[in-house]
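Just so it is clear: chains get the letters A, B, ... in the order the sequence lines come, proteins before strands, and each one is counted from 1. Just so it is clear, the structure is predicted and the values come from calculations on it, not from any experiment.
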2 protein chains.
Amino acid sequence: MTQHVYLFTEGRAAMRTLLGGKGANLAEMTRIGLPVPPGFTITAATCLAYGRGGGTFPEGLNEQVETALAVVEGLVGRRFGAAERPLLVSVRSGAAVSMPGMMDTVLNLGLNDATVLAHARDTGDARFAWDCYRRFLQMFGSVVLGVAHHEFEHVLAGFKARLGVQADTDLAPADLQELVAAYQALIVAEAGQAFPQEPRAQLEAALRAVFGSWDNPRAKVYRRVHKIADDMGTAVNVQSMVFGNMGQTSATGVVFTRDPSTGEKTVHGEYLLNAQGEDVVAGIRTPHPIAQMQAELPDAFAELYATSERLEAHFGDMQDIEFTVERGKLWMLQCRTGKRAPGAAIRIAADFVREGKIDKAQAVLRVTPEDLQKAMHPRIDPAAALDVIARGQPASPGAAQGQLCFDPDEAVRLHAAGGQVLLVRPETTPDDIHGMVASTGFVTTRGGTTCHAAIVARGMGKPCVVGCADLHIDFDAGQLHVGARTIAAGQWLTIDGGDGRIVVGRAPLVDASMSGDFAELLGWADEFRRLKVRANADNPPDAEKARAFGAEGIGLCRTEHMFGQGGHHPERMAVVQRMILADTQVDRQAALDELFPMQRDDFDGILRAMAPHPVTIRLLDPPLHEFLPAAEDLAVAVAVARAEGRAAPREEKLLAAVRQLAEVNPMLGLRGVRLGLVMPEVYEMQVRALITAAENLHMQGIPVRPEIMIPLVGHVEELRRMKAMIDRITAELQPNVSFQVGTMIEVPRAALTAGAIAGIAEFFSFGTNDLTQMTWGYSRDDAEGGFLAQYVADKVLAVNPFVSIDRDGVGRLIQMACVEGRAVRPNLHLGICGEHGGDPDSIAFCHAAGLDYVSCSPYRVPVARLAAAQAALAAGGAKASTSAV
Amino acid sequence: MTQHVYLFTEGRAAMRTLLGGKGANLAEMTRIGLPVPPGFTITAATCLAYGRGGGTFPEGLNEQVETALAVVEGLVGRRFGAAERPLLVSVRSGAAVSMPGMMDTVLNLGLNDATVLAHARDTGDARFAWDCYRRFLQMFGSVVLGVAHHEFEHVLAGFKARLGVQADTDLAPADLQELVAAYQALIVAEAGQAFPQEPRAQLEAALRAVFGSWDNPRAKVYRRVHKIADDMGTAVNVQSMVFGNMGQTSATGVVFTRDPSTGEKTVHGEYLLNAQGEDVVAGIRTPHPIAQMQAELPDAFAELYATSERLEAHFGDMQDIEFTVERGKLWMLQCRTGKRAPGAAIRIAADFVREGKIDKAQAVLRVTPEDLQKAMHPRIDPAAALDVIARGQPASPGAAQGQLCFDPDEAVRLHAAGGQVLLVRPETTPDDIHGMVASTGFVTTRGGTTCHAAIVARGMGKPCVVGCADLHIDFDAGQLHVGARTIAAGQWLTIDGGDGRIVVGRAPLVDASMSGDFAELLGWADEFRRLKVRANADNPPDAEKARAFGAEGIGLCRTEHMFGQGGHHPERMAVVQRMILADTQVDRQAALDELFPMQRDDFDGILRAMAPHPVTIRLLDPPLHEFLPAAEDLAVAVAVARAEGRAAPREEKLLAAVRQLAEVNPMLGLRGVRLGLVMPEVYEMQVRALITAAENLHMQGIPVRPEIMIPLVGHVEELRRMKAMIDRITAELQPNVSFQVGTMIEVPRAALTAGAIAGIAEFFSFGTNDLTQMTWGYSRDDAEGGFLAQYVADKVLAVNPFVSIDRDGVGRLIQMACVEGRAVRPNLHLGICGEHGGDPDSIAFCHAAGLDYVSCSPYRVPVARLAAAQAALAAGGAKASTSAV
């Protein structure tokens, strides 16, 4: 016979799958002798059997419940349904995985027209007993019988109006008795059946309701969203009631064993005298800090503190505990691992190691990468009252505030005048960079979490909220409309890039505690990880920043910024344009000769800043028209000039050139190595500049490690010719410094022909941004603010493939390329430099695929270090750590 | 000891690899007793050994040459270098694969200041002997000693001027003797060495020259271009000279055993009395038709005819024969398989089967798909004198002519007025379709063979030349400039889409012989092929055309043309635009309701035309902005209106809508199934229209087989939702007709996750155009006229991957998808509908990959049928044919 029912005395914490989280922990607390009101748990397997059986109770369930009830009756000294000393119970669901608010709870079950009187006698409080009964009817009526909750509220409100009373507590016992009758009548009218007076019928109906709630639509959706399996079922806990509302020696409360905001080692929580748990949750009365309880209920307080310490030690983590004091006696109603703020998570993990409670590996696994990231930014004070006007998609964590501004140029002016600016735009483009540099944070009304604004924001470590569709910018009026409200430019706004809130005014901020714990935890992480972590950086300051965060090299140094792209080095733009528009080889070479010393000095700076670590330099990648004005703007200027009878020769010439270079799909056009083959002078200049700079540093005794990376290779012949060009320049310059030559793997065909490419390349760096674009056929610029956002919202895709590596498609290509590349060149060095390099799930994939390093923005380096360690620990193949406890 | 030298009596045809094509066939003719001037062949392996040895003769070579020479001397009755009856020889290269004009030949070797006198005595013609010597010096001097050919011409011209003679033949023996002396002086001056008088020294030097010519740069490039291996080497043939220029009983000529232009069974060729082969080739004298020889040299003629018939029968194919008659005696100098015009190839193959000389499989293998394609179009009369002004890339075969026109609207006007128009444009776009419909053919100055113009041309079966960069269009003047020439609009042009020629005037055309042989050969091909052949067609006339060419279904029916794209159904465009721009769901549905009956009737037409064959309908694929005006045009209109103080509300509204839909990379944007998910009403209307039409036909007893194809699927969930939508509509309409639901595989990720997708799809159709774009990261619109053209020209890529399937990349994805799809669904139906479906090399790949069918434009169907048969025959897995000989 299947065991459907486990007394709390029969279970333990490890039986979570069978008994659910709540049931397993109640049993564990019982097992170690803590004061838990007696009860039993019906297993999650029983719930599934009930569902499979089409709603019939599995064989033996009734009998086992009966037996367990009898044991509980014996322990409590009360009988279920008895006219004297009746046993009242709570019935609560509790799955193995927490699904807060998703399933149902019924309290005070066992009350009826007869037992309510006994309950009044037992408690010596008729008002209390009738109020219990009233609440039970309301809960049972709505949860079990399906009568809408507001129907009960409606009856109650009518009652109070008729009697002229304000608060529920003003109702006399007789009033409550009359209300009970009205509730029973309501149930008959609405549910078409009488409220069951028989407690066993109540219990069976409640069990059916909780079993059934596993498959209610709300719970199904929740599971789908949170990727929880449908075949787990929920356990049901039936527990004898205790009452925190039996006068001034009773209380109820919630404590954490440490401060969940700061991680401080002190019991932290709140309680209410003479109250039920419901009252705390509903916020009707303001609870008191737990420390006050010492004066009011000293014995219970002392026992609670001792129990708290014991539970934390027992479970090996900070606990979240619910308790009730009934007439001076402490009862434990629930305990579970407590949620905590990001900074607190780090501190608690570090403290636990120092207290000898966990080892370093456990500590590393206990802090989520998201927590670590969040802990690096200031945030809005969680205690502050906020005027939240909208929510967008959180794109770059942390809080930022400033005066509302719509125009990048204006932002620069305000910033220069000492102002603090928050930039709000429909979207941002590389043309807005100067304004973004001048702002504390950005909001866009369009775009997803990997749109331009989001990428720049994360790169800069500035908070950002994107895709906030409720905001409507009126550029002409200089106003922001949100529903009926209007915010004028210059007003203060605060944003929370961690949760997407847009707040009017200067919300109070709290600084991140960049404590020593942070660095210590990362140090431990470094002991376990196999993957190296590099940063994507284009200039010495970013390189310095990356080193400070622990980067072990640069995995992607983009040279287009050195060419003036994206508002960097505006003084170079004219030379670059001259180079692009040159009519003759001589003119082009002249422009390149002007760029050469700048480029050489760029390389000098970044190699010097990163020595002795490797620096992967990617030769020029973007299409040339990105360095020229937009065709549409030029066409309009030309047409307007003509309409006005003016000449616009410069614009006309530029327009012709831009048209010449224009492409229908620039992402798939003349860029990367294609440029290197079609216009070889540019790459030659870059290679010459790099080798010259590296050689100078080498001769100064600075140990530089340059790596030349060719972008967008799709066929080995492209790389072969670039390698020949580099060999030619090397033969000419005869440098002493050594360097590697490798390629991005970002075109699907490169991955499919990786074996051939590895015949030339000394390293592969997976450019997963473009590889994702091409493998999926998604133009990121278009898709993320468009159909892809809708795909994710509609669950066509579980996750945006630009955020986490798509293992089935892109991941498969990467794995093929790793295996086939290494088959040809066993010491082929493998890394990733797409934005996925900073995403924990993708880092786990990179570890499994056997990559040597990940590279990400400097601000993601700590996250990557942690995620790499967790991946190694999860894979069980962690680097042995001699210092781990 | 390695055998370096084979006497003609020792070799045979099968020894082609060792003896080269020429040597093997000379030996074969000798072997079967034909009159071949005695000689021997030095093997190709010897040439390689010579190269490997750094230019030293391999051991034994000199001795073997000496021995062979002795045998030849004996057979001819002359001695090499003897003062009486000297033996003269020719030295010719001859590799296993023909490399015309790439390597060297020396005639009359053995002449010197002494033997020339004996030669004069032998021939009784001093002028002839000295002329032979003069020619030999010129040939030896340039080929062996490296003196530029024009230096000799220069000396000769000076001589003639000084003597006041016009023709070479006017030079007297004494003049020639003087010329010989002058040539010898020239050699000393230019080559820095004396002409070697010793015949054995001449022979050794000539052998070295021919061996060395295998590795001359010209030959190397030729081999690279024609994919000929570098490790074959060339054989060298040393053969005793015979002379066709020994008076009026001597002659030289070339015959084909059948007419190479028409395939007619008659010996066809030309000869010259008293001439050397050189004279025929150089075109100095006009040769006579071979039939005349019967009167002039009746015995030789009769023997030539008999020999011709014997050689054709012996080699089993039409032969190209070189002969010489020396004083009445016929000598055979060469025979090889003859080149023939496309129509002739078909007729000859068919005749050979009927004559019982080859079986059907051999006939099918003997006609190239290119020949078949060319045979389907009229062509420029090969005999006509042409004013060729330029050459572009041949893009769609056949000849077309018309009056030069630059403007599509003008083309429509001229055509309507009964004119014949040839359209010349920088490039074409869908906006030009009306003008293309009105033209006989098109030329573009930009673009490659798969540019818009080329695709439309092949689809329409109209001749087209693209990328003709030498043409410069002056739109303002209405003129075409080519170098110094100017052609005005309205002048007649003729183009040859098979070879890219642009001809001024109305060149005479000859019709293709769409003979019964054509159909018969294809019927034989059908007996061998396993692949089915379908056509890409969007309307009943195209479907009819495809059936006439033997299509067995429609593999791709694009529905965007039914939506007014590309100038089709212009009356629908307004409704489609209303649908796209609808502000409300109600407005959109109203527009779709208007489109529904049109769409239903479209489907009715095409299903009816193709019954009982399957028709694969692709739901709407392109991005919506393709149905709207261009943003830049609208922006200019709006700006100009503003500058002029006018209002342009319609343009402003349209511009806003177009901007909303604009995408940076439309190829990778909101199209295909993405549209089906984001704007589901459109696909629902299409599915409803298709099922309604199919059901109506089914109820009329017409056996229709519709297949619904979802484009651009990248994740199985996209297809799953579309299938659910189709199931919903099916459940509602309850049709009796059955149909399949499948998907394009055109996104790399679809191929990588084909197993999952096959769980839903009943068929895959590989959309290799887009699959190539995404796998390579090439935007076809941009690349083919740009860097890809340069890649192919520079040999970075051996072949344009849009023309022939890239087996290593795209092909690998296709193979993975086939294997993994069929593992999940063993009866998964597999086809290809990209342009590769009409390319023979790609068809061979499709056969090998196990596809069920290829689909191509109607005009490519015959080619595909043939290529499919050849693929099956080449793979050895041909369908057994009971009727094959």
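Most heavy-atom pairs under 4.5 Å with chain B, from the set A/G714, A/A643, A/G777, A/A631: that is A/G777. Per-residue counts of heavy-atom pairs under 4.5 Å with chain B were compared for A/P748, A/A639, A/A641; the largest is that of A/P748. Interface remark: of the candidates B/V747, B/L788, B/T775, B/T775 forms the most heavy-atom pairs closer than 4.5 Å to chain A. Of the residues considered (B/V810, B/L712, B/D794), B/D794 shows the highest number of contacts with chain A, using heavy-atom pairs under 4.5 Å. Ranking B/E717, B/R720, B/R721, B/Q790 against chain A, the residue ahead of the rest is B/R721, based on heavy-atom pairs under 4.5 Å. Interface remark: of the candidates B/Q773, B/E746, B/E644, B/H715, B/H715 forms the most heavy-atom pairs closer than 4.5 Å to chain A.
A/L771 and A/I745 get closest at one heavy-atom pair: CD2-O, 4.2 Å. Shortest non-hydrogen contact noted between B/L752 and A/G809 is CD1-O, 3.5 Å. For B/F627 against B/I580, the heavy-atom pair with the smallest separation is CB-CD1, 3.6 Å. Of all non-hydrogen atoms in A/A750 and A/V713, the two that sit nearest each other are CB-O, 3.2 Å. Contact detail for B/F764 and B/G821: the closest heavy-atom pair is CE1-CA, 4.2 Å.
Residues from residues 666-676 of chain B that place a non-hydrogen atom less than 4.5 Å from a non-hydrogen atom of chain A comprise B/P666, B/M667, B/L668, B/G669, B/L670, B/V673, B/R674, given in numerical order.
Counting heavy atoms from C-beta outward, B/L654 and B/E651 have side chains that stay 4.5 Å or more apart. Residues A/R749 and A/M774 are not in side-chain contact: their nearest non-hydrogen atoms beyond the backbone lie 4.5 Å or more apart.
Contacts of B/D781 with chain A are made by side-chain atoms alone, with heavy-atom separations under 4.5 Å and no backbone atom involved. Looking at A/L797, only its side chain comes within 4.5 Å of chain B, counting heavy atoms on both sides. Of the two parts of A/E632, the backbone and the side chain both hold a non-hydrogen atom closer than 4.5 Å to a non-hydrogen atom of chain B. Looking at A/D770, there are no atoms closer than 4.5 Å to chain B (heavy atoms on both sides), in backbone or side chain. Contacts between B/D633 and chain A at a heavy-atom distance below 4.5 Å are absent for every atom of the residue. Proximity to chain B is absent for every atom of A/A783, based on heavy atoms less than 4.5 angstrom apart.
Side chain of A/H836 to backbone of A/G767: no donor-acceptor contact under 3.5 angstrom is found. Between the side chain of B/T428 and the backbone N or O of B/A453, at least one donor-acceptor pair lies under 3.5 Å.
With respect to A/E820 and B/R812, a salt bridge is recorded, a charged nitrogen being found less than 4.0 Å from a carboxylate O.
Residues that satisfy the side chain to side chain contact (heavy atoms under 4.5 Å, CB included) test with A/D782, not counting sequence neighbours, are A/S779, B/E663, B/V664, B/N665.
Of the N and O atoms on the side chains of B/Y791 and A/E718, at least one donor lies less than 3.5 Å from an acceptor on the other residue.
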